[in-house]
Amino acid sequence: MSTGREIEDLLRRHAPQVLGALVRRYGHFDAAEDAVQEALLAAAGQWPSAGVPDNPRGWLIKVASRRLTDALRAEAARRAREEKAAALAPRDAFTSPPPGVERAPREDDALSLLFLCCHPYLPPPAQIALTLRAVGGLTTAEIARAYLVPEATMAQRISRAKQKVRGVRFGRPDNWAERLPAVLQTLYLIFNEGHTATSGPALQRRDLAGEAIRLTRTVHRLLPDDGEVAGLLALTLLTDARRDARSGPHGELIPLDEQDRDRWDKAAIEEGVALVTRALSHGPAGPYQVRAAIAAVHGEAPTAEATDWREILGLYDVLVRLVPGPVERLGRAIAVAMVRGPRAGLAELDALESELRTGHRLDAVRGHLLERAGSYEEARAAYESAAAKTLSLPEQRYLRARAARLSP
């Protein structure tokens, strides 16, 4: 009998295929998405006791189709819509194969759904929420818990997003290459929130990070020759490889230079390094490939002291030319400090004051560099300022502990 975790993984893997099949036949993305969610919930309730059917995707399509047609019958224009959809669909689109016979799914549906969920009409929070629900198969309650907002708030956000994309043609858009950066940015944001939660009692939300990696793998499988897709997958794997070493037994934050590297996931590091090496050998590097290369230098260093910071600084020089954002320049300032000394790094921070003053990262880095420079009173004040600005409880505790260590 399949375990609950195996069934959950199976449902999430099939969710975009089932939704794509319904949207291709019926249209009505919003109604189809609701029907798929109902089918997923029905499966989650029945399969643990009744067993997984021989053709789980066919089962989900059948149940979701029934729920959707029931909903469409309530509308006056049901018959005209169904006739139009039937004319557009392949004749055997909803003919389930015999038990034990697998038919290749429309894998491209996952990518089409990602493009739809990352439509330019939608702001980034809506893109993330819709992606996690429609492509990731997460329930509204799960997404709300992950982002620490009330379920009603998340439901409203998803509902508004679905209304905005109502009527948008399903399928890979003609300008899909221009839209791909939005898809990758959405997946990157989901991963970052899972890797280091911006608020709440936990340092990490592993389910979100894992979902981002799974979805990025899907995009990489469909676009294997795209260097930036490979770069993002490499970056997430190399970063996530450190997850077990980032927290202590009581959930306390452990900084990179103090982590037990024996607890890093060596297989993930090897896969990430191979991905980024192959991507960098085919054409000019993009931002995700450069970020992955930086993560690879960290991942391959046997100790913190053995880290090649000169190579990292060179990579950051490339990155800030491609993406001259404040976060990228903050990372470069750290590399400058490691190569040229803390005072050189502090000088780099001054130029970022206006852009990063509302967040806690600038003060946290400043505190670290001031401490290395021997300016302990100033470092303590910077740590306390950073602790007051972050909503992450593990980060607050870590920063306050650093400040307390420097108290007279």
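No more than 12 heavy atoms of other residues, nucleotides or ligands sit less than 6.0 Å from atom CZ of R310.
A292 and G231 make their closest contact through CB-O, 3.5 Å (heavy atoms, listed as atom of the first residue, atom of the second, distance). Closest non-hydrogen pair, V165 versus F29, comes out as CG2-CD2, 3.9 Å. I254 approaches G248 most closely through the heavy-atom pair CD1-N, 3.7 Å. Of all the heavy atoms in A161 and A126, the pair that sits closest is CB-CB, 4.0 Å. Heavy atoms only, all atoms of each residue included: A386 and A364 are closest at CB-N, 3.6 Å. In this structure, P125 and R157 approach most closely via the heavy-atom pair O-CD, 3.9 Å.
If you look at W309 and H298, their ring centroids are closer than 6.0 Å.
Considering CG of L215 and NE2 of H220, their distance stands at 14.5 Å, rounded to 0.5 Å. Expressed to the nearest 0.5 Å, how far CG of L399 lies from OG of S385 amounts to 10.0 Å. Rounding to the nearest 0.5 Å gives a distance of 7.5 Å between CZ of R261 and CD of Q259. Between atom CH2 of residue W176 and atom CG of residue L114 there is a gap of 13.0 Å, rounded to the nearest 0.5 Å. Atoms OG1 and CD, on T131 and E211 in that order, are 10.0 Å from each other to the nearest 0.5 Å. Separating the OG1 atom in T198 from the CD atom in E193 is a distance of 3.5 Å, to the nearest 0.5 Å.
No side-chain donor from either of Q204 and H195 sits under 3.5 Å from a side-chain acceptor of the other. For T196 and R246, the side-chain atoms include at least one donor-acceptor pair closer than 3.5 Å. At a cut-off of 3.5 Å, with distance as the only test, no side-chain donor of R133 or T139 sits close to an acceptor on the other residue. Using modelled atom types and a 3.5 Å distance limit, the side chains of T390 and Q396 yield no donor-acceptor pair.
For the pair E151 (side chain) and T140 (backbone), a donor-acceptor distance under 3.5 Å is absent. A donor-acceptor pair under 3.5 Å is formed between the side chain of R357 and the backbone N or O of S354.
Qualifying side chain to side chain donor-acceptor pair (under 3.5 Å) partners for Y383, counting only residues two or more places apart in sequence or in other chains: E371.
With a 4.5 Å cut-off on side-chain heavy atoms, D244 and R206 count as touching. In this structure the side chain of I334 never reaches within 4.5 angstrom of the side chain of H368, judged on heavy atoms. Proximity of Y288 to R291: side-chain heavy atoms (C-beta onward) are separated by under 4.5 Å at one or more points. At a threshold of 4.5 Å between non-hydrogen side-chain atoms, the residues V135 and C117 count as touching. L330 has its side chain within reach of R361: a pair of non-hydrogen atoms, C-beta onward, lies under 4.5 Å apart. Using a 4.5 Å cut-off on side-chain heavy atoms (C-beta onward), I61 and Q17 make no contact. No side-chain heavy atom of L184 sits less than 4.5 Å from a side-chain heavy atom of Y188. Looking at heavy atoms from C-beta onward, R380 lies out of side-chain contact with R402 at the 4.5 angstrom threshold.
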Q: Show your reasoning for whether side-chain contact (heavy atoms from CB on, under 4.5 Å) applies to D34 and K162.
A: CA-CA 10 Å; D34 289 337; K162 290 194 290 186; 2.6 Å; yes
Q: Could you check L208 against F191 for side-chain contact (heavy atoms from CB on, under 4.5 Å), going step by step and ending with a plain yes or no?
A: CA-CA 6 Å; L208 274 184; F191 175 79; over 6 Å; no
Q | Residues R329, E348; criterion salt bridge (charged side-chain N to carboxylate O under 4.0 Å, His left out); working and verdict | A | CA-CA 8 Å; R329 285 150 55 209; E348 297 283 332; over 6 Å; no
Q: Please assess V52 against W59 for the test side-chain contact (heavy atoms from CB on, under 4.5 Å), listing each intermediate value before the final yes or no.
A: CA-CA 9 Å; V52 177; W59 188 99; over 6 Å; no
**Q.** Audit row: V229, L180, side-chain contact (heavy atoms from CB on, under 4.5 Å) steps and yes/no
**A.** CA-CA 9 Å; V229 175; L180 183 59; 4.0 Å; yes
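Among R278, R217, K266, the one residue that satisfies the salt bridge (charged side-chain N to carboxylate O under 4.0 Å, His left out) test with E271 is R217.
A salt bridge links R12 with E8: at least one charged nitrogen is closer than 4.0 Å to a carboxylate oxygen. Electrostatic pairing of R166 and D30 counts as a salt bridge here, judged by a charged N lying under 4.0 Å from a carboxylate O. A salt bridge links R366 with D363: the closest approach of a Lys/Arg side-chain nitrogen to an acidic carboxylate oxygen falls below 4.0 angstrom. A salt bridge does not link E328 with R321: every distance from a Lys NZ or Arg NE/NH1/NH2 to an Asp or Glu carboxylate oxygen is 4.0 Å or more. For the pair R397 and E252, the salt-bridge criterion is not met [side-chain N within less than 4.0 Å of a carboxylate O].
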Between side-chain atoms of residues 233-242 and protein atoms elsewhere (two or more places apart, or another chain), which donor-acceptor pairs fall under 3.5 Å?
residue	atom	partner	partner atom	Å
T236	OG1	L232	O	3.2
T236	OG1	L233	O	2.8
T239	OG1	L235	O	2.7
D240	OD2	R243	NH1	2.4

